[in-house]
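Before any comments, here is the structure.
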There are 2 protein chains.
Amino acid sequence: MKSDEKAAFIKYLKDRGFKKTPQRQIILDKFLEMKGHVSADELFRALRRKYPHLGQSTVFRSIKLLQDAKIASEVNFTGKRRRFEPEHIKGHHDHLVCVNCGKTAEVLDQRIEKLQDDLVRRYRFTPLRHRLEIFGICRKCAS
Amino acid sequence: MKSDEKAAFIKYLKDRGFKKTPQRQIILDKFLEMKGHVSADELFRALRRKYPHLGQSTVFRSIKLLQDAKIASEVNFTGKRRRFEPEHIKGHHDHLVCVNCGKTAEVLDQRIEKLQDDLVRRYRFTPLRHRLEIFGICRKCAS
DNA sequence: ATTTGTGCAAATCATTTGCAGCAGA
DNA sequence: TCTGCTGCAAATGATTTGCACAAAT
C-alpha cells in the first residue's frame, strides 16, 4: 500500500527530473501515516520534533508535488486552513461532520455510490471522483 | 424570493438590536443576485464600482452576519479563498463539476437524498445539511 | 558540473481587529 | 442620546517566493 505510493512518487519525480530527497520522503511517509484531513501546518508540526531543520515552505512545496503526482488531494472542510488527504482514500468514503464537536466520521454506502453513477450517466457526465459531506450533530453531542 | 431573504435579514437584525444599514442591504442584494460560489473579495469588487467608499471589512463582517442569520453558508470548493452561497439553494441540489471547463451543473436525485437519510440514521447522526460534489468531465468536453 | 532543493526570512494574500468618527434607533 | 456601524489602517494567519547555500543527479 504505502510502498505503492512511495514508488509512484519516486517515479513521478524521476520522470520530470525532480530530485528524490529525504525531506520529500519523510513528508510523504508522515502524510500517509496521518491519513486524511491533514493541514500543511499539522504535518509540519508533526515532523519538526524529529526534524528540527525542516522548513515550513518545504512542507507546502512537497504537498503541492504530492497533489501534482495525484497522491494527495485537497479536501474541503470549512475553515481557513487547507486540508489534504491521500488520493487513494478519496471516493471511497463519505464524511459525516459534526458541527458541534467538529469530529468527522468516514462512512460508505454502496447504494449511494451506485445511485451516483446512475445520476451521472443521465447527464452524460464522466465522473472522476466525488465528495459527499453531511453536516449535522453526532450521537455523542446530541445526547 | 429575494424579498423573503431581505425580510428575514431585517428581522434578524431587529431581533438582536443590530442596525439596518444601507451597506448591509446592498451586500445582501448583491450576494443574492450573484447567486452561489461567491467569495468575499468578489462581492467587494463587484460593489466597489458603485460604492467606492465600501470597506472590505464591512463585506467580511456582513457575510458573517448572513451566515449567522442562516441566509448564507460557506461552500467548500478548492482554493484559498472562501466561497459562499445562499442558504436556500443549499441541500436542494448536488454539483457536477467539470474539471476541464470548470462549469458546474446543479442536479438532484431524490433517491440519493433518501439514502443519505438512511445512512445517517444508522449512525444516529442528525443531519442538518449536506454537500455532494461529483468531479469529472461534462458531456461537451468529452466529445 | 549542473541543476534542483532547502531553509530562512521577507513578501503576499485572505481575513480579522482596534479605533475614531458616523449614523441608525 | 446611546449604542452599534463604518472605513481605514494596522494586525494576524496562512501560504508563497527570493535567495544563497547544500545536496542530488
Indicate, with a heavy-atom threshold strictly under 4.0 Å, whether R24(B) touches base, sugar-phosphate, or nothing.
-> sugar-phosphate

For dT6(C), does either OP1 or OP2 sit under 4.0 Å from a side-chain N or O belonging to T58(A)?
-> no

Could you state the CZ-P distance from R48(A) to dG7(C), rounded to the nearest angstrom?
-> 13 Å

Whole Å only: how far is the CD atom of Q23(B) from the P atom of dG24(C)?
-> 8 Å

Here the distance between atom P of dC13(C) and atom CZ of R45(B), to the nearest Å, is 10 Å

Any side-chain N or O of K64(B) under 4.0 Å from OP1/OP2 of dT16(C)?
-> yes

To the nearest angstrom, the NE2-C1' distance between H53(B) and dG21(C) comes to 15 Å

Of P22(B) and L54(A), the one whose nearest nucleotide on DNA chain C sits closer to the 5' end is L54(A)

Does F9(B) reach the side chain of L65(B), with side-chain heavy atoms less than 4.5 Å apart?
-> yes

Should D41(A) and R45(A) count as an ion pair when the cut-off is N to O under 4.0 Å?
-> yes

Rounded to the Å, how far apart are F9(B) CZ and dG24(C) P?
-> 15 Å

Contact class for S39(A) vs. all strands (heavy atom < 4.0 Å): base, sugar-phosphate, or nothing?
-> nothing

Within one Ile-Leu-Val-Met-Phe-Trp-Tyr cluster: F60(B) and L28(B), side-chain cutoff 4.5 Å = no

Is the count of non-hydrogen atoms from other residues, nucleotides or ligands lying under 6.0 Å from R111(A) atom CZ greater than 12?
-> yes

Starting at CZ of R16(A) and ending at P of dG5(C), how long is that distance when rounded to a whole Å?
-> 12 Å

Nucleotide range of DNA chain D lying under 4.0 Å from chain B heavy atoms | dT3(D) to dT16(D)

Rounded to whole Å, CG of L13(A) lies from C1' of dT3(C) at a distance of 15 Å

Along DNA chain C (nearest heavy atom to each residue), the more 5'-positioned of A40(B) and K14(B) = A40(B)

What is the distance from CG of D41(B) to P of dC13(C), rounded to the nearest Å?
-> 11 Å

